[in-house]
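Structure first, commentary second.
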Amino acid sequence: MKVLRTIAELRQELSLKRQAIRSSASVVGLVPTMGYLHQGHASLMQAARQQSDIVVLSIFVNPIQFGPNEDFDSYPRDEARDVETARSQGVDIVFIPSVEEMYPQATQTTVSVSKLTERLCGASRPGHFDGVTTVVSKLFNIVQPQRAFLE
C-alpha cells in the first residue's frame, strides 16, 4: 500500500498499477473520506476491494465545507490509525493531500446542487454541501474512478 500526498504522485501510481494489471479497463474504486475512519468506512473499503482492481482511499478534511462558526481545526484526525485501518482493509493507495494541494488558489468555482441540499442539515449549514460536492468533484477528476463508495 502506498501513501501519497500529491496529485502527480497519485496519477503516476495509478498509471503504474494499471500497467501492472495490463489493462486500461481496470476498475478503480474510490472511497472519499475526511479520515478518522470507523466501521462504516471499513465496510466501504471492503466493498471497494470486492468490486475494484485498484482501491484508492482519500483522506482530506475539506475546509470549504465548514461554515464560519464550525471549527475546521478541531475536526478529529488520526493519520497513523487511518493508514493502518486502510492497510488492514486491502486498500492499494491512500491519498492524503494538503489543503494547498487541493486548493492551490483561492476557490473561484464550486459545484452546487440546488434544492436537494437546502433541506435537513443544509438548511442550518449554508454552503456545506457546496463544499462537499466541490471536493468530491475534484477527487473524481483527480482519481477518475469507475466506482465510488460513499457513506
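Using a distance-only test at 3.5 Å, with no hydrogens or angles considered, a donor-acceptor pair links the side chain of R147 to the main chain of Q51. Put simply, the side chain of R11 never gets that close to the backbone of L14: no donor and acceptor are under 3.5 Å apart. A donor-acceptor pair under 3.5 Å links the side-chain atoms of S88 to the main chain of T85, judged by distance alone. Panel note: side chain T133, backbone V111; a donor-acceptor pair is recorded below 3.5 Å. A donor-acceptor pair under 3.5 Å is absent between the side-chain atoms of S58 and the main chain of F95, judged by distance alone. Remark: the backbone N or O of D130 is paired with a side-chain donor or acceptor of T134 at under 3.5 angstrom. Judged by distance alone, the side chain of D53 and the main-chain N or O of S26 form no donor-acceptor pair under 3.5 Å.
Put simply, V28 and V31 are part of two different groups of oily side chains (I, L, V, M, F, W, Y) that touch within less than 4.5 Å, one to the next.
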#### Entry: Pair L150-L44, side chain to side chain contact (heavy atoms under 4.5 Å, CB included): steps then yes or no
CA-CA 7 Å; L150 303 111; L44 294 171; 5.7 Å; no
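In this model, no donor atom of one side chain and acceptor atom of the other lie less than 3.5 Å apart for N62 and Y75.
Q46 is linked by a side chain to side chain contact (heavy atoms under 4.5 Å, CB included) to Q39, A42, Q89, counting only residues two or more places apart in sequence or in another chain. With sequence neighbours excluded, the residues that form a side chain to side chain contact (heavy atoms under 4.5 Å, CB included) with K17 are E13, I54, D92, I93. The side chain to side chain contact (heavy atoms under 4.5 Å, CB included) search around F140 returns L30, V136, P145, A148, not counting sequence neighbours. Residues meeting the side chain to side chain contact (heavy atoms under 4.5 Å, CB included) test with R5, sequence neighbours left out: V3, E9, E79, I96.
Between I142 atom CD1 and L10 atom CG the span is 7.5 Å, to the nearest 0.5 Å. With rounding to the nearest 0.5 angstrom, the OG1 atom of T6 is 9.0 Å from the CD atom of Q12. Taken to the nearest 0.5 Å, the OG atom of S43 stands 11.0 Å off from the CZ atom of F149.
Listed by first and then second residue, the ring pair (Phe, Tyr, Trp, His ring centres under 6.0 Å) pairs involving residues 40-60 are H38-H41 (not counting sequence neighbours). The salt bridge (charged side-chain N to carboxylate O under 4.0 Å, His left out) contacts involving residues 95-104 comprise nothing, where partners must be two or more places apart or lie in separate chains.
Heavy-atom neighbours of E84 CD from other residues, nucleotides or ligands within 6.0 Å: above the threshold of 12.
Remark: R81 is positioned above the aromatic ring of Y36, its terminal NZ or CZ atom under 6.0 angstrom from the ring centre and at most 45 degrees off the axis.
A 4.5 Å side-chain heavy-atom check between P63 and Y103 finds at least one atom pair inside the cut-off.
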